[in-house]
Amino acid sequence: MNRLRSGWSLLALALSLGGAPVLAAEPTFCHETPSSHAQGLSIGRASNGKLKGARALESSEAVRTLPRRHRRRCLNWGTPRLVAALQRAAEAVRTHLPDSPPLGVGDLSKARGGPIRPYSRSHQSGRDVDLAFYQLDEKGQPVPAEDLLSFDARGHADQGRLRFDVRRNWLLVRALLQDKEVDVQWMFISLPLRRALLEEARQRNEPAALVKRAESVLHQPSDSGPHDDHFHIRIRCTAEERAAGCVG
Ligand SMILES: [Zn+2]
């Protein structure tokens, strides 16, 4: 049934786009269902791994899968720890600033993990997630992210119509770094946006240890895109996962 629905959505998409070949060929993974495991288990590497006992990210006022391209991919599965941490972090942002729009979530993993080509080489073991940046309009009002948008070195996107919301993006980083249930390994982001976040942290007089930790995990990768259109977050394996073959 799910496989059928997935096929129909591709057909509907092709028709709605007048048969545009590139988008119509994009894969979805909607036929997959998670395997059972009580706590959830990340196995292998982020770039060569799989996932047991996955949990789906459920949309709420605080968090949602991005509607434009990502929802139909059905890559909304992660280890229960990662999914719960995203929900807590998004709720923490709204606790500090109640008018915050939902955190926009791009790709997590397939229900059982494994390759998600052509979207990414990693995201295979339920420990990776792409997050849209919180953003402001020209009047400084928060607006929900509909897709992943590139922000330039001045923190502008969509030809200057949108601004990088440094306050909320820092609150998000802080919430994830302070979450005791997950150990953040990396937060990939472009250098200018990293600089803006660290400056925000210092201006807020955040504890030195927190700023130092943010400096060590916020990183522009050298072997992939500059990540000027999303945070790519990766969490480390737990001790139990390592014993079962998790690497990272
Ligand atoms: Zn990613």
Side-chain angles (χ1 to χ4, degrees), residues 23 26-29 32 40 42-51 54-57 59 63-87 89-90 102-135 145-151 157 164 169 172-173 175-177 179 182-194 197 214 216-237 241 246-248:
L23 279 176
E26 276 205 341
T28 73
F29 302 102
E32 301 202 347
S42 176
I43 300 165
R45 297 177 182 276
S47 57
N48 181 15
K50 54 188 180 175
L51 174 59
R55 182 185 295 172
L57 181 90
S59 288
V63 60
R64 65 173 186 171
T65 304
L66 290 165
R68 290 265 165 86
R69 294 175 294 149
H70 294 83
R71 241 172 237 175
R72 65 176 174 264
R73 296 179 184 174
C74 300
L75 291 171
N76 59 324
W77 300 88
T79 60
R81 285 186 313 124
L82 175 59
V83 170
L86 293 176
Q87 285 163 333
L103 170 64
V105 179
D107 295 336
L108 280 148
S109 295
K110 288 158 63 176
R112 296 185 180 217
I116 64 161
R117 283 186 289 272
Y119 305 120
S120 175
R121 282 172 300 178
S122 60
H123 290 255
Q124 294 200 21
S125 60
R127 293 186 291 113
D128 294 88
V129 60
D130 295 334
L131 301 178
F133 299 129
Y134 287 100
Q135 58 193 23
E146 303 292 324
D147 203 343
L148 304 180
L149 296 179
S150 291
F151 285 75
F164 184 75
N169 284 313
L172 174 68
V173 168
L176 286 167
L177 293 183
D179 193 313
V182 290
D183 185 2
V184 175
Q185 183 175 15
W186 295 116
M187 292 184 165
F188 293 131
I189 189 168
S190 70
L191 275 174
L193 302 179
R194 172 185 187 273
L197 289 170
S216 72
V217 301
L218 288 164
H219 179 67
Q220 177 173 306
S222 50
D223 61 344
S224 65
H227 286 71
D228 61 3
D229 63 352
H230 68 283
F231 286 111
H232 177 127
I233 314 278
R234 179 173 301 159
I235 62 168
R236 292 184 193 277
C237 312
E241 285 173 333
C246 186
V247 182

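By convention here, the first residue in the shown sequence is residue 1. Atoms within each ligand, like the ligands themselves, are counted from 1 in listed order.
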Determine, step by step, whether His230 and Asp130 satisfy the side chain to side chain donor-acceptor pair (under 3.5 Å) criterion, reporting the C-alpha distance in whole Å, the side-chain angles of both residues, the deciding distance to 0.1 Å, and the verdict.
CA-CA 6 Å; His230 68 283; Asp130 295 334; 3.3 Å; yes
Atoms listed for the Zn ion (ligand 1) (protein only, N, O or S, under 2.8 Å, no waters) are His123 NE2, Asp130 OD1, His232 ND1
- Kindly say whether Tyr134 contributes a backbone atom to a donor-acceptor pair with the side chain of Asn169 at under 3.5 angstrom? yes
(message) With a 3.5 Å distance limit and no angle check, can you tell me whether Arg194 reaches the backbone of Leu218 through a side-chain donor-acceptor pair?
(response) yes
Note: Glu146 and Leu66 closest approach over all heavy atoms is C-CD2, 3.8 Å
d(Gln87 CD, Leu103 CG) to nearest 0.5 Å is 10.5 Å
A side-chain contact here means heavy atoms from C-beta on lying under 4.5 Å apart; do Gln124 and Pro115 qualify? yes
